[in-house]
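Note on naming: letters A, B, ... go to the chains in the order of the sequence lines (proteins, then strands), and numbering restarts at 1 for each one.
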Amino acid sequence: MLDIRYLRDNLDEAEARIKSRGEGYTLAGFRDLDEKKRKLLYANEALKAEKNRFSDEIAKVKDKSSVQPQIEAMRATSQLIKQQDEELKQLDEELRMFLLTVPNLPGAATPLGRSEADNVEIRRWGTPPTPDFSPKPHWEVGEALRILDFETGAKLTGARFTLYRGAGARLERALANFMLDLHTGEHGYMEMLPPFMVNRDSMTGTGQLPKFEDDLFKMEGMEYFLIPTAEVPITNIHRDEILKGGDLPIRYVAHTPCFRKEAGSYGKDTRGLIRQHQFNKVELVAFSRPDDSCAEMERLLGNAERVLQLLGIHYRVMALCSGDIGFSAAQTYDIEVWLPGQQTFREISSCSNFGDFQARRAGIRFRDGEKGKPEFVHTLNGSGLAVGRTVVAILENYQQADGSVIIPLPLRPYMGGMERITL
RNA sequence: GGAGAGAUGGCCGAGAGGCCGAAGGCGCUCGCCUGCUAAGCGAGUAUAUUGGGAAACCGGUAUCGAGGGUUCGAAUCCCUCUCUCUCCGCCA
């Protein structure tokens, strides 16, 4: 949510910055609505002040019958106030919905651009493997080793669900544990295990609602939603709280399943693990002081990159352009791993700085000392990493000519010492 | 699923139609005092929104779990909902 006072004072600038996301976003109508509401509010509060004054006076009067005519008059005033309250409520709701559907302003560090094609490569790490055979896509590797079973996943549930078997299931678990240990042990994050369903307030706080309800799985007959990412429950931990300035930055890590409808991606990535309705992810979330969020962003990105570096997998970092960043984000870096089986880079992590956009929606503030003014924190998060896609990266990068897959060194303790997955 | 109890400021806790944005305590901040520490004394200590002001600040309104109702007036009375706790049943 944008600052309503910023919008009042800088509407043209805000409009221009929103437009850099692409067409379809406009702030038209805001000014009229806002002024209409404030005008009514002013009249309404004047009436209430009068009512309060009168009520105070009548409390002191012993003989109530002597002020009977005034009481009659106030009864009418009360009715009028009630009517205005009703109108105000509607205007407020209209204004609120408007504000909740306006995306964040792209930050200064975000390159301008229209689409994915305008994203800027920041750096590459490592080198792609150079096998002397033709590497296969992970679904072929996984099926041949009988560690990924897409057919049974479809039988159990449907398309975009997968059954992991044996060493495949173990690999997923090993990766999650490896990442959690790294982030808690070396990067200073506190591990959290949140509910996998959240309510409407939480979804609104991080920006999934009200605009993107179609992307979410919702419980039948209940206002609960399956989380599309741990970002939602973890960021909302501090919803409607005023944190101590000295406690910032706060860093949490959580390993959770993520549930996404993937509406609108029919026919895309239908094979393999890349696009599933359910997948696991280790998510990094940070709450920082506004001045520190840029540095925190780089730190968080580095923490995510570290996972791939330790696993020895080639990747590149992309700065997403204004036309490609998500609704709530001011700035986003994607980490893309090299997938030799598909001869392409694929997103494995997305790290974003939301500025105060989520904090304002969710009411997450901090205060210095005891008498400082509460101020909105900045929120950040990033995958560290998407576990399923890391399995993909390992299968494709560490596959051998004989169809087996070497297990990267740091993972072996988590695999009970296993060095290689064979049939 | 059945029965009951509760929800008040950073925390504890009073209040039972007007004198209540809310006693008292704890905590915290500032000042005083005392070789240090502890104790003591004094003052202060919510949030949002809106109007005025360059600002310091001043005023209005709202907020006692949420929403509705009664009333000139509600933390207080009535209704609905949510959440928490206790007991019983069921259950990983």
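The interatomic distance linking A:Ile71 (CD1) with B:C72 (P) rounds to 7 Å, in whole Å. Rounding to whole angstrom units, CG of residue A:Asp34 and P of B:G51 are separated by 9 Å.
Checking B:A46, B:U50, B:G60 against the side-chain heavy atoms of A:Glu45 singles out B:G60 as nearest. Set against B:C72, B:U61, B:U50, the side chain of A:Ala49 has B:U61 as its closest nucleotide. Taking every side-chain heavy atom of A:Lys82 into account, B:U70 is the closest of B:U70, B:U49, B:G67. Checking B:G73, B:A48, B:U61 against the side-chain heavy atoms of A:Ser55 singles out B:G73 as nearest. Side-chain proximity of A:Tyr42 to B:G51, B:G73, B:C83: nearest is B:G51. If you check B:C72, B:C83, B:U50 against the side chain of A:Leu41, the one that comes closest is B:U50. Distances were taken from every side-chain heavy atom of A:Ser78 (C-beta onward) to each of B:U70, B:U50, B:G73; the shortest belongs to B:G73.
Between A:Arg365 and A:Glu375 there is no salt bridge, since no side-chain nitrogen of the basic residue lies less than 4.0 Å from a carboxylate oxygen of the acidic one.
Looking at A:Arg21, its side chain never comes within 3.5 Å of a backbone N or O of A:Arg114 through a donor-acceptor pair. In terms of modelled atom types and a separation under 3.5 Å, the side chain of A:Lys19 and the main chain of A:Tyr25 share a donor-acceptor contact.
Listed pair A:Lys48 / B:G73 fails the phosphate criterion, with no side-chain N or O lying under 4.0 Å from OP1 or OP2. Between A:Arg365 and the phosphate of B:U47, there is no side-chain N or O to OP1/OP2 separation shorter than 4.0 Å. Side-chain N/O atoms of A:Arg367 include none lying less than 4.0 angstrom from OP1 or OP2 on B:A46. Taking only side-chain nitrogens and oxygens, A:Asn52 comes nearer than 4.0 Å to OP1 or OP2 of B:A62. Phosphate contact (OP1/OP2 of B:C72, side-chain N/O of A:Arg53, threshold under 4.0 Å): absent. Distances shown here put every side-chain N or O of A:Arg38 at or beyond 4.0 Å from the OP1 or OP2 atom of B:U61.
Straight-line distance between the P atoms of B:G24 and B:C83: roughly 36 Å, to the nearest whole Å. On the C1' atoms, B:C91 is 42 Å away from B:A14, given to the nearest whole Å. The same atom, P, is picked in B:A38 and in B:G44; the two are 24 Å apart, to the nearest Å. Spacing of C1' atoms, B:U8 relative to B:C87, comes out at 27 Å, to the nearest Å. Taking the P atoms as reference points, B:C33 lies 27 Å from B:A46, given to the whole Å. Only the P atoms considered, B:A92 is 43 Å distant from B:C77, to the nearest whole Å. When the P atom is compared between B:G13 and B:C26, the two are found 15 Å apart, to the nearest whole Å. Taking the P atom of each, B:G31 and B:G17 are spaced 45 Å apart, rounded to whole Å.
Taking the side chain as every heavy atom from C-beta outward, A:Thr256 and A:Pro194 approach each other to under 4.5 Å. In this structure the side chain of A:Arg200 reaches within 4.5 angstrom of the side chain of A:Glu213, judged on heavy atoms.
Using a 30° and 60° split on the angle between ring planes, A:Phe98 and A:Phe30 fall in the parallel class, below 30°.
When ring centroids are compared, A:Phe327 and A:Phe357 come within the 6.0 Å threshold.
Each of A:Asp56 and A:Arg75 was assigned the nucleotide of RNA chain B with the nearest heavy atom; the assignment lying further toward the 5' end belongs to A:Asp56. Of the two residues near RNA chain B, A:Pro374 and A:Glu72, the one whose nearest nucleotide lies more 5' is A:Pro374.
Counting any heavy atom pair closer than 4.0 Å across all strands shown, A:Phe376 reaches no nucleic acid atom. Among the atoms of the strands shown, none is found under 4.0 Å from any heavy atom of A:Arg360. The residue A:Lys89 sits close only to the backbone: its heavy atoms come under 4.0 Å of sugar-phosphate atoms, none of a base.
B:A46: Watson-Crick or G-U partner is B:U63, with both key distances under 3.5 Å.
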